[in-house]
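All values below come from the heavy atoms of this structure, side chains included, with hydrogens, waters and symmetry mates left out. From a predicted model like this one, the values you see are computed outputs, not experimental measurements.
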Amino acid sequence: MTQLYQRRRLSPAEDLGAPAPLPRELAGLSNASLADLSAWSPEYADQLGWAGEGFFPFTPEPPPPPPIDELNKIDFYRLFTSAERIAIRAAAGTNPLIADYQDMLDATPMPRLSDPDLQTGVQLLELGGLLGVGRAAQILAGERP
């Protein structure tokens with residue numbers, strides 16, 4: 001992979017353009033020389049229009065990890081607080097919709113947050129007041145409390 005460099009004005013500090021490969025004219029210079037072209041060669045830097053500028057190695061941020069989708073069951077349950085889990089179990093004894101959701105979840109070895117049935121069930125828990133407002137979205141995003 002080609003090393004990218006960020007061209008910067010030194011004073012006041014300011015990035016100039018997007019990171020790019022080093023210009024051919026500067027190939028072979030050390031990073032110390034590239035950091036202040038005017039100190040390295042004032043005439044050359046002035047001639048090329050790079051006076052008061054430098055080129056700095058640029059390393060892009062690593063991409064974010066892919067969103068969590070499939071979890072083992074214990075990690076899925078850890079997305080809920082203890083109080084939420086207790087309230088859901090209690091409500092499953094009296095509410096057939098919650099009982100059905102719980103049965104579906106029990107039959108699933110690896111819950112997927114993208115599963116439409118799981119999404120509907122978690123939203124039902126919030127609508128039924130077993131989860132606080134906004135908790136369904138947090139759970140479906142894989143965020144632990």
Enquirer: side-chain contact (heavy atoms from CB on, under 4.5 Å) for Arg135 and Val122? Distances and angles first, verdict last.
Expert: CA-CA 9 Å; Arg135 284 289 293 135; Val122 171; over 6 Å; no
Enquirer: Do the side chains of Arg7 and Glu53 get close enough for a salt bridge, i.e. N-O under 4.0 angstrom?
Expert: yes
Enquirer: Taking C-beta and beyond as the side chain, do Tyr5 and Pro57 meet within less than 4.5 Å on heavy atoms?
Expert: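 In short, these two side chains touch, coming nearer than 4.5 Å.
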Enquirer: Can you tell if the side chain of Trp40 reaches within under 4.5 Å of the side chain of Leu34, non-hydrogen atoms only?
Expert: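 Trp40 vs Leu34: side chains apart.
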Enquirer: Are any side-chain N or O atoms of Glu126 and backbone N or O atoms of Gly134, one a donor and one an acceptor, separated by less than 3.5 Å?
Expert: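 Yes.
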Enquirer: What closest approach, in Å, do Thr2 and Pro21 show between heavy atoms, and which atom pair accounts for it?
Expert: CG2-CB, 3.9 Å
Enquirer: If you count heavy atoms of other groups shown closer than 6.0 angstrom to CG of Leu105, is the number above 12?
Expert: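 More than 12 within 6.0 Å, yes.
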Enquirer: Would you compute the distance between atom CZ of Arg9 and atom CG of Asp15 and round it to the nearest 0.5 angstrom?
Expert: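 Going from the CZ atom of Arg9 to the CG atom of Asp15 covers 10.5 Å.
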Enquirer: Say whether Leu113 and Leu130 are linked into one hydrophobic cluster, either directly or through other cluster members, by side-chain heavy-atom distances under 4.5 angstrom.
Expert: yes
Enquirer: Determine whether a donor-acceptor pair (N or O, by modelled atom type, separation under 3.5 Å) exists between the side chain of Glu84 and the backbone of Thr81.
Expert: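 A pair under 3.5 Å: yes.
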Enquirer: Output the distance between atom NZ (Lys73) and atom OG1 (Thr108), rounded to the nearest 0.5 Å.
Expert: 6.0 Å
Enquirer: Is the positively charged end of Arg8 above the ring of Phe56, judged by distance under 6.0 angstrom from the centroid and angle within 45° of the axis?
Expert: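 Pair Arg8/Phe56 counts as cation-pi.
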Enquirer: Kindly indicate whether the side chain of Gln123, heavy atoms from C-beta on, has any atom under 4.5 Å from the side chain of Leu140.
Expert: yes
Enquirer: Check the pair Thr120, Tyr101 against side-chain contact (heavy atoms from CB on, under 4.5 Å), reporting the backbone distance first and the verdict last.
Expert: CA-CA 9 Å; Thr120 300; Tyr101 166 73; over 6 Å; no
Enquirer: Strictly under 6.0 Å, is that where the ring centroids of Tyr44 and Trp50 end up?
Expert: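 That pair fails the under 6.0 Å test.
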Enquirer: Are side-chain heavy atoms of Pro96 and Asp100 found at a separation under 4.5 Å?
Expert: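 Answer no - side chains too far apart.
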Enquirer: I need the minimum non-hydrogen distance between Tyr77 and Gln102, along with the two atoms involved.
Expert: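 Here Tyr77 and Gln102 meet closest at OH-NE2, 3.4 Å.
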Enquirer: How close do Leu118 and Pro111 get, counting heavy atoms only, and between which atoms?
Expert: CD1-CB, 3.7 Å
Enquirer: Please evaluate residues Leu29 and Phe55 with respect to the criterion side-chain contact (heavy atoms from CB on, under 4.5 Å), reporting the C-alpha separation (whole Å), side-chain torsions for both, the decisive distance (0.1 Å), and the verdict.
Expert: CA-CA 10 Å; Leu29 291 179; Phe55 287 79; over 6 Å; no
Enquirer: Do Ile88 and Arg85 pass the side-chain contact (heavy atoms from CB on, under 4.5 Å) test, and can you show the C-alpha distance, the side-chain angles, and the key distance before you say yes or no?
Expert: CA-CA 5 Å; Ile88 292 165; Arg85 290 190 303 267; 5.6 Å; no
Enquirer: Mind listing the closest non-hydrogen atom pair of Ser38 and Gly52 along with its distance?
Expert: OG-N, 2.7 Å
Enquirer: If you compare all heavy atoms of Met110 against all heavy atoms of Asn72, which two are closest, and at what distance to 0.1 Å?
Expert: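 Shortest heavy-atom separation between Met110 and Asn72 comes out as SD-CA, 3.7 Å.
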Enquirer: Taking atom CG of Leu22 and atom CG of Asn31, what is their separation to the nearest 0.5 Å?
Expert: 8.5 Å
Enquirer: What are the two closest heavy atoms between Gln6 and Leu16, and how far apart are they?
Expert: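 Here Gln6 and Leu16 meet closest at NE2-N, 3.9 Å.
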